[in-house]
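Beneath this line is the structure, given in structure tokens, with notes to follow.
Proteins get letters first, then strands, A, B, ... in listed order; numbering begins at 1 in each.
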There are 2 protein chains.
Amino acid sequence: MSSMTIGKLSAATRVKVTTIRYYESIGLLDEPDRSASGQRLYGDTAVERLGFIRHARDLGFPVPAIRELISLQVEPSWDCAVVDQIARRQLGEVRRRLTQLEALEAELKRMITACEGGKIACCSVLAALGHHEQCLHEEHAGKEVLAARPSN
Amino acid sequence: MSSMTIGKLSAATRVKVTTIRYYESIGLLDEPDRSASGQRLYGDTAVERLGFIRHARDLGFPVPAIRELISLQVEPSWDCAVVDQIARRQLGEVRRRLTQLEALEAELKRMITACEGGKIACCSVLAALGHHEQCLHEEHAGKEVLAARPSN
DNA sequence: TCTACAGTCTACAGTAACTGTAGAGGCAAG
DNA sequence: CTTGCCTCTACAGTTACTGTAGACTGTAGA
């Protein structure tokens with residue numbers, strides 16, 4: 001199978017057809033050969049290249065970084081340290097997001113645990129989000145309850 | 001300080017001026033009063049509302065969810081379960097992203113550890129990303145470490 | 001062969017949640 | 001009065017795609 005249409009390439013890489021054309025438009029993929037009627041025809045190198053792009057995107061690398069990685073592949077005599085640095089930068093970014101998300105999870109969990117029914121006027125979720133609360137007399141109200149209860 | 005310009009509101013809430021105007025344009029913030037010359041003048045309720053929005057955004061709530069939460073605040077006699085459900089949905093989303101990021105962190109760490117200098121032709125980072133490798137003395141992990149892809 | 005239908009083409013608009021810019025006018029301090 | 005920052009509107013740009021319209025192509029079945 002030395003030559004496949006865009007749909008086959010899409011199926012082979014699980015990248016949508018429109019996305020493949022988009023990658024071509026921004027120069028991540030080379031312009032492929034065309035059939036007599038103008039349809040794109042791809043070879044096996046396109047499958048590899050696109051798989052590379054997809055995997056890098058899955059790992060969260062932004063398009064400019066992928067562009068850089070591809071250019072390094074094309075010029076493979078350079079030092080590995082450049083690639084390593086890009087990967088480290090990406091790892092730092094992932095860890096930063098990870099820390100942030102862990103804090104979010106904790107806060108959301110706390111919010112939900114405290115919310116045991118009742119009216120919205122006293123809802124702890126809204127309270128935790130900054131709602132100025134008025135219901136000091138009701139049992140489901142307030143940040144005191146929120147702070148006092150352990151999370152599950 | 002019952003009346004402040006958009007710059008003061010921005011400083012008070014750490015939300016950029018342009019973002020405040022954007023929130024107004026999409027109906028998250030009410031249109032404020034204006035001075036004789038047309039400048040926006042905000043009261044303390046705007047600080048509260050904007051703080052609520054910013055906090056919810058920090059927690060990753062999408063704008064439509066925030067819109068919903070605000071409408072619930074305005075009609076506070078409804079049941080708290082609706083708010084609870086929005087928060088739970090958000091928690092699920094956060095946990096999903098968390099799991100994904102943890103897998104990414106592991107893979108990036110592995111990639112970087114394996115990359116101990118040398119030429120790009122043999123770089124394990126590029127290899128892990130799908131580069132067709134010529135360095136047969138090393139066996140790298142396959143592409144399918146991450147089965148969880150958000151869409152498509 | 002005809003016909004139905006899936007696949008492909010280009011070009012452009014839309015998405016989320018903002019950010020940035022241009023060009024004009026406003027306001028307070030020195 | 002001038003300097004310099006603040007604010008105004010309106011619109012374009014960002015990222016990484018996704019969706020749509022309208023036309024053409026390729027293929028399988030009757």
Side-chain angles (χ1 to χ4, degrees), chain A residues 1 3-29 31-42 46 49-50 52-70 89-90 93 97 100 104, chain B residues 1 3-29 31-42 46 50 52-70 89-90 93-94 97 100 104 149-152:
Chain A
M1 187 186 289
S3 186
M4 62 207 306
T5 63
I6 198 169
K8 310 288 180 190
L9 178 62
S10 171
T13 57
R14 299 189 301 286
V15 175
K16 288 183 182 164
V17 167
T18 46
T19 305
I20 295 172
R21 286 197 280 250
Y22 167 71
Y23 285 157
E24 184 187 322
S25 78
I26 62 172
L28 273 192
L29 286 176
E31 295 185 11
D33 294 335
R34 302 285 186 127
S35 71
S37 61
Q39 298 196 348
R40 291 168 178 81
L41 294 177
Y42 296 94
R49 164 70 60 92
L50 189 50
F52 176 90
I53 294 169
R54 188 181 73 84
H55 195 191
R57 288 292 303 128
D58 283 348
L59 286 167
F61 287 87
V63 167
I66 298 175
R67 211 188 295 276
E68 198 174 358
L69 289 171
I70 287 175
R89 193 197 309 148
Q90 185 57 23
E93 181 60 26
R97 281 189 283 165
Q100 205 180 350
L104 298 196
Chain B
M1 192 189 286
S3 185
M4 61 207 306
T5 64
I6 198 170
K8 311 288 180 188
L9 178 62
S10 171
T13 56
R14 297 188 301 286
V15 175
K16 288 184 182 161
V17 167
T18 45
T19 305
I20 295 173
R21 286 196 280 251
Y22 168 70
Y23 285 157
E24 183 186 324
S25 80
I26 63 172
L28 272 192
L29 285 176
E31 295 185 10
D33 293 337
R34 301 286 185 127
S35 72
S37 61
Q39 298 195 350
R40 290 168 177 82
L41 294 178
Y42 296 94
L50 188 50
F52 176 91
I53 294 170
R54 190 180 73 83
H55 195 189
R57 287 293 302 128
D58 284 348
L59 287 166
F61 287 88
V63 166
I66 297 174
R67 212 188 294 277
E68 199 174 356
L69 289 171
I70 287 175
R89 192 196 310 149
Q90 186 57 25
E93 180 61 27
V94 166
R97 281 189 283 165
Q100 205 181 350
L104 299 195
R149 191 170 151 78
S151 64
N152 113 16

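B/Ile6 places its CD1 atom 12 Å from the C1' atom of D/dT9, with the value rounded to the nearest Å. As rounded to whole Å, 17 Å separates atom P of D/dG26 from atom CE of A/Met4. The distance between atom CD of B/Glu24 and atom C1' of C/dA17, rounded to the nearest whole Å, is 16 Å. To the nearest angstrom, P of C/dG7 lies 16 Å from OH of A/Tyr42. One atom, NZ of A/Lys8, and another, P of C/dA6, lie 14 Å apart when rounded to the nearest Å. Rounded to whole Å, the distance from OH on A/Tyr22 to C1' on D/dT14 is 10 Å. Distance B/Leu9 CG to D/dT7 P: 10 Å, rounded to the nearest Å. Taking atom CD1 on B/Ile26 and atom C1' on C/dT15, their separation rounds to 13 Å, with Å as the unit.
Among the nucleotides C/dC27, C/dC18, C/dT8, the one closest to any side-chain atom of A/Gln39 is C/dT8. Of all nucleotides listed (C/dA17, D/dC17, C/dG20), D/dC17 comes nearest to the side chain of A/Arg57.
Position along DNA chain C of the nearest nucleotide to A/Thr5 versus B/Ser37 favours A/Thr5 as the more 5'-ward residue.
The phosphate of C/dC18 has neither OP1 nor OP2 within less than 4.0 Å of any side-chain N or O from B/Thr19. Between A/Tyr23 and the phosphate of D/dC17, there is a side-chain N or O to OP1/OP2 separation shorter than 4.0 Å. OP1 or OP2 of D/dT9 lies within a sub-4.0 Å distance of a side-chain N or O belonging to B/Arg34.
B/Arg21 comes within 4.0 angstrom of a nucleotide base, judged by non-hydrogen atoms across all strands. Within the nucleic acid shown, A/Arg40 comes within 4.0 Å of sugar-phosphate atoms alone, with no base atom in reach, counting heavy atoms only.
Within a 6.0 Å sphere centred on CG of A/Asp33, heavy atoms belonging to other residues, nucleotides or ligands number 12 at most.
Remark: C/dA4 base-pairs with D/dT27. Criterion, Watson-Crick or G-U wobble with two distances under 3.5 Å.
At least one donor-acceptor pair closer than 3.5 Å links the side chain of A/Arg54 to the backbone N or O of A/Thr13.
For the side-chain contact (heavy atoms from CB on, under 4.5 Å) criterion with B/Ile20, the lone passing option out of B/Leu28, B/Leu9, B/Ile53 is B/Leu9.
In this structure, B/Thr18 and B/Tyr22 have side chains that are not in contact, with every pair of non-hydrogen atoms separated by 4.5 Å or more. Counting only heavy atoms from C-beta outward, the side chains of B/Arg34 and B/Arg40 approach each other to under 4.5 Å.
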